[in-house]
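Below is one structure; the comments refer to it alone.
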Number of protein chains: 2
Amino acid sequence: MTRNLVTDATRIGADIDALSGLTDPGRPYTRRAFTPMFLEGRNWLTQRFEAAGLSTRLDAAGNLIGTRRGRQPGSGTIMLGSHSDTVPDGGRYDGIAGVIAGLEVARALDEQGITLEHDLEIVDFLAEEVSIFGVSCVGSRGLAGVRPDEWLTREAGSLTLAEGIEQVGGNPASAEDRSDIKAFLELHIEQGPVLDNQQFDVGVVTAIAGITRVEIIVEGRADHAGTTPMGARQDALTAASWMVLAVERFATELASGDAHFAATVGEFSMEPNAANVVPARVRMLIDARAERREDMVRFLGELEAGVAGIAEQAGVTASEPKIISDNMPTPCDAELLDILDEASEHVGARHRRMASGAGHDTAWMARLTRAAMIFVPCLGGRSHTPDESATNEDIAMGAAVLLEAVKRLDTRLQEIA
Amino acid sequence: MTRNLVTDATRIGADIDALSGLTDPGRPYTRRAFTPMFLEGRNWLTQRFEAAGLSTRLDAAGNLIGTRRGRQPGSGTIMLGSHSDTVPDGGRYDGIAGVIAGLEVARALDEQGITLEHDLEIVDFLAEEVSIFGVSCVGSRGLAGVRPDEWLTREAGSLTLAEGIEQVGGNPASAEDRSDIKAFLELHIEQGPVLDNQQFDVGVVTAIAGITRVEIIVEGRADHAGTTPMGARQDALTAASWMVLAVERFATELASGDAHFAATVGEFSMEPNAANVVPARVRMLIDARAERREDMVRFLGELEAGVAGIAEQAGVTASEPKIISDNMPTPCDAELLDILDEASEHVGARHRRMASGAGHDTAWMARLTRAAMIFVPCLGGRSHTPDESATNEDIAMGAAVLLEAVKRLDTRLQEIA
């Protein structure tokens, strides 16, 4: 498909080919934060930023930032970006599509001879994915001033996170005042099937879902599988199976409304797990995601009642659902959403509003400033796998939406401030 | 409870205390076949057999046999016994209750001044439990002439099974003609809760259930747990949960008849088993036990149809149930069952007929001769655990039933031959 855009799909494609090609040998696509390969990617990005006329620096939190100065120094900053690290054996687009799209916005502004009123910064956040230190969004939390201090002493091998941040060029002991940032926008592949299935070009993300992880332990009794009559068992697996189906039913009901909800039993293990023994114990970890907090509250209530009822019926004991982690949903900025809708219309992108079920740097930037994000389609929703696929044309379309949004923001930031 | 029996509960209790006390240091109750501790137990048993006037020998299959000669040489042998090996961290009674009960029958016959027409042999079968060689009932299969030749080359560390049998005193290269054995009876703890719950003294075992093991693999798709809408998933775990419940439902229906049936999903594992990924693959291993072969055939048919229907409904693929192992049920000898009922009546034992859901040496002896067995209660049905518990009085009652059955057999073997 040929689209008449100010952004250049071919140039974007060349950049994605080059950066995704920097991967651990024989292991596409692996560019883990804090590794030599990650720093190679950063070097390459720095050169590309500078070739586009951006001045580059590492901030205290370890983020790579390329700056395009605006006409009015001190009037504030518009920031675009995403991350260049990957999961192990990940995809070509998760993260870098948004960094390259930001770079493309800066290049297209140059080509159009546009100088913004505000400074424009393109950011590559440090360690968005869960890193060797067991935590995620290290750079965006750091920039937003919400990175827990105790994280700095986390260890991976002989390295602390503080040392890791220093090694990439950051200064973990200091914090920058970034109240100059007036708005943040991120482009990311959807990592879900909705845009691809429904043939939209762009998803305007209304909120980053809150993620709550809940553990349930079911305790039955390890009887002999041959000699214990069917009616005399306390089978932890059959009870847990009812619970798995209850989780799916509750989540499907909540998802039938107009807000995103999903719940998954992602971890499930059983003891003693021996062919001739009635299962005695099951551990389940539920991953629940809600665009609206009230949906999560309702889910947790239904889960607690459901688990207790099933346990009683099955004659087993079940722990009360134990909340392992609990993050609130992050609504995106309403004014930015309107501007992103307008920008999509302007460039002719078929767009829809949708929530993000996955976490993103945008959720942390929203603690600091107005923030929003857009999705571009990825094939079949596949992500975090070498099968991950998106088109350069779709990324160029998304970048064009960002560019148009930036232009509109540049003139309207004062009025919506 | 005091019962007026010809068998002696106190003497039985002392023997069980002594033999169960021979356990790997700090690890009650562990007397694994082919270990030094097992040979210590055999030495102790040999002395007790000889103290009771039995002449002892090791047979070619590695079984310890104590013989009490009958009045008519060449008229045949009645055999009683069970096994003295244990599972790791097993119980005090599984196996040895039946060996000691056999010994007690010989002692009580002496005390009553009874000489049988037939020879009486008390046997301690080699390696009834799954041993380090990965197979079970080594001694009873060997004695019955149905031990597969290829088993002899199985290895555990640097030892073959043939060498293991030699080390305990057997001669694996030879086979004895045991057509002299006219009947075999075994006493064993039930390893299930039926007698204990229903307050019976003795279970007269109608059949050893056949055991069929079936593997099912469910394949879904590893999607992102946050971004994949509930309706767009191929969740292997929710599909597998329906299958677990179908197994329970089919088995409960079959068990509601007058024959023993049980089925258990004993092994269950999932991939990738990661909190934020929709489950992609589940492997289940089903253990099904049937007193009647037609029930097993019906179960396997229902399972195949049920699994296929659930997979289609859930949008996943499931392998056809794959039969990993399949053993036929072994009915006990009808004449022996009648004699055991009569004997129970005679000694005043509350008795019922029931199937054995667990495998036993009796199933292999039934290939050679008339065979049957009785159960005595064990507390709560607990077995293969140090919690395993049975009373000396119940074992003495069971031994008295055996003694009475042996007396009746001794006079009736000719007429039922």
Side-chain angles (χ1 to χ4, degrees), chain A residues 190-194 197 209 211 213 222-233 235 237-238 240-245 247-248 251-252 254-256 260-270 272-279 282 285-287 289 356-359 381-385, chain B residues 190-194 197 209 211 213 222-233 235 237-238 240-245 247-248 251-252 254-256 260-270 272-279 282 285-287 289 356-359 381-385:
Chain A
E190 181 198 338
Q191 303 183 272
V194 175
N197 287 348
I211 308 179
R213 296 243 167 94
D223 286 317
H224 192 300
T227 60
T228 312
M230 295 306 293
R233 297 168 170 227
D235 186 327
L237 177 62
T238 57
S241 296
W242 285 113
M243 294 175 195
V244 167
L245 297 174
V247 166
E248 187 188 46
T252 302
L254 286 164
S256 68
H260 182 71
F261 191 90
T264 308
V265 180
E267 293 181 10
F268 189 100
S269 59
M270 178 169 114
N273 210 32
N276 63 344
V277 184
V278 176
V282 168
L285 187 69
I286 300 164
D287 175 294
R289 316 259 180 150
S356 172
R382 314 290 295 142
S383 184
H384 282 194
T385 153
Chain B
E190 180 197 340
Q191 305 183 271
V194 175
N197 287 347
I211 307 179
R213 297 244 166 94
D223 287 316
H224 191 300
T227 60
T228 311
M230 295 306 294
R233 297 168 171 226
D235 187 327
L237 177 62
T238 57
S241 296
W242 286 114
M243 293 174 195
V244 168
L245 297 174
V247 166
E248 187 188 44
T252 302
L254 286 164
S256 68
H260 182 70
F261 191 89
T264 310
V265 181
E267 293 183 10
F268 189 101
S269 59
M270 178 170 114
N273 210 31
N276 63 344
V277 183
V278 175
V282 168
L285 187 69
I286 299 164
D287 175 294
R289 314 257 180 151
S356 173
R382 316 288 295 141
S383 184
H384 282 196
T385 154

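Any value given below was found using the heavy atoms of this structure, including those in side chains, with hydrogens, waters and symmetry copies removed. Chain identifiers are assigned alphabetically (A, B, ...) following the order of the sequence lines, protein sequences preceding nucleic acid strands; residue numbering begins at 1 within each chain. Note that the structure is a prediction, hence the values are computed from the model and not measured.
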**OP:** Pick one of side chain, backbone, both or neither for Thr238(A), based on which atoms fall under 4.5 Å of a heavy atom in chain B.
**Re:** both
Subject >> Straight-line distance of Arg213(A) CZ to Asp287(A) CG, nearest 0.5 Å >> reply: 4.5 Å
**OP:** Just give me the residue among Gly192(B), Ser269(B), Pro272(B) that pairs up with chain A most often, heavy atom to heavy atom, under 4.5 Å.
**Re:** Gly192(B)
Original post:
Any idea which of Leu285(A), Leu245(A), Val282(A) has the most non-hydrogen atom pairs under 4.5 angstrom with chain B?
Top reply: Leu245(A)
Original post:
Given a strict heavy-atom distance threshold of 4.5 Å, which part of Thr252(B) is in contact with chain A: side chain, backbone, both, or neither?
Top reply: both
Original post:
Got a second to check how far Phe268(A)'s CZ is from Leu237(A)'s CG, nearest 0.5 Å?
Top reply: 5.0 Å
**OP:** Heavy-atom pairs under 4.5 Å with chain A are the metric here; pick the option from Thr227(B), Thr385(B), Val244(B) that has the most.
**Re:** Thr227(B)
Subject >> Ser356(A) side, atom OG; His260(A) side, atom NE2 - distance, nearest 0.5 Å >> reply: 7.5 Å
**OP:** Examine whether an atom of Ala251(B) lies under 4.5 Å from a heavy atom of chain A, and if so say whether it belongs to the side chain, the backbone or both; otherwise answer neither.
**Re:** both
Original post:
Tell me, side chain or backbone of Ala263(B) under 4.5 Å from chain A's heavy atoms, or both, or neither?
Top reply: backbone
Original post:
Is it the side chain or the backbone of Ala240(A) that comes within 4.5 Å of chain B heavy atoms, both, or neither?
Top reply: neither
Subject >> Exercise: identify the closest heavy-atom pair between Met270(A) and Gly266(B) >> reply: CE-O, 2.9 Å
Subject >> Taking every non-hydrogen atom, the tightest pair across Arg233(B) and Ala225(B) >> reply: NH2-O, 2.9 Å
**OP:** Could you check if a side-chain atom of Arg382(B) sits within less than 4.5 angstrom of a side-chain atom of His224(A), using non-hydrogen atoms only?
**Re:** no
Original post:
In Å, rounded to the nearest 0.5 Å, how long is the span from CD of Glu248(B) to OG of Ser241(A)?
Top reply: 8.5 Å
**OP:** Look at Leu254(A), Asp235(A), Thr264(A) and state which one has the largest set of heavy-atom pairs under 4.5 Å with chain B.
**Re:** Thr264(A)
Subject >> Heavy-atom pair count under 4.5 Å with chain B, highest-scoring of Val278(A), Val265(A), Val277(A) >> reply: Val265(A)
**OP:** Pick one of side chain, backbone, both or neither for Val247(B), based on which atoms fall under 4.5 Å of a heavy atom in chain A.
**Re:** neither
Subject >> Side chain to side chain, Arg289(A) and Asn276(B), heavy atoms closer than 4.5 Å >> reply: yes
Original post:
Picking from Pro193(A), Ala274(A), Pro279(A), which has the most non-hydrogen pairs under 4.5 angstrom with chain B?
Top reply: Ala274(A)
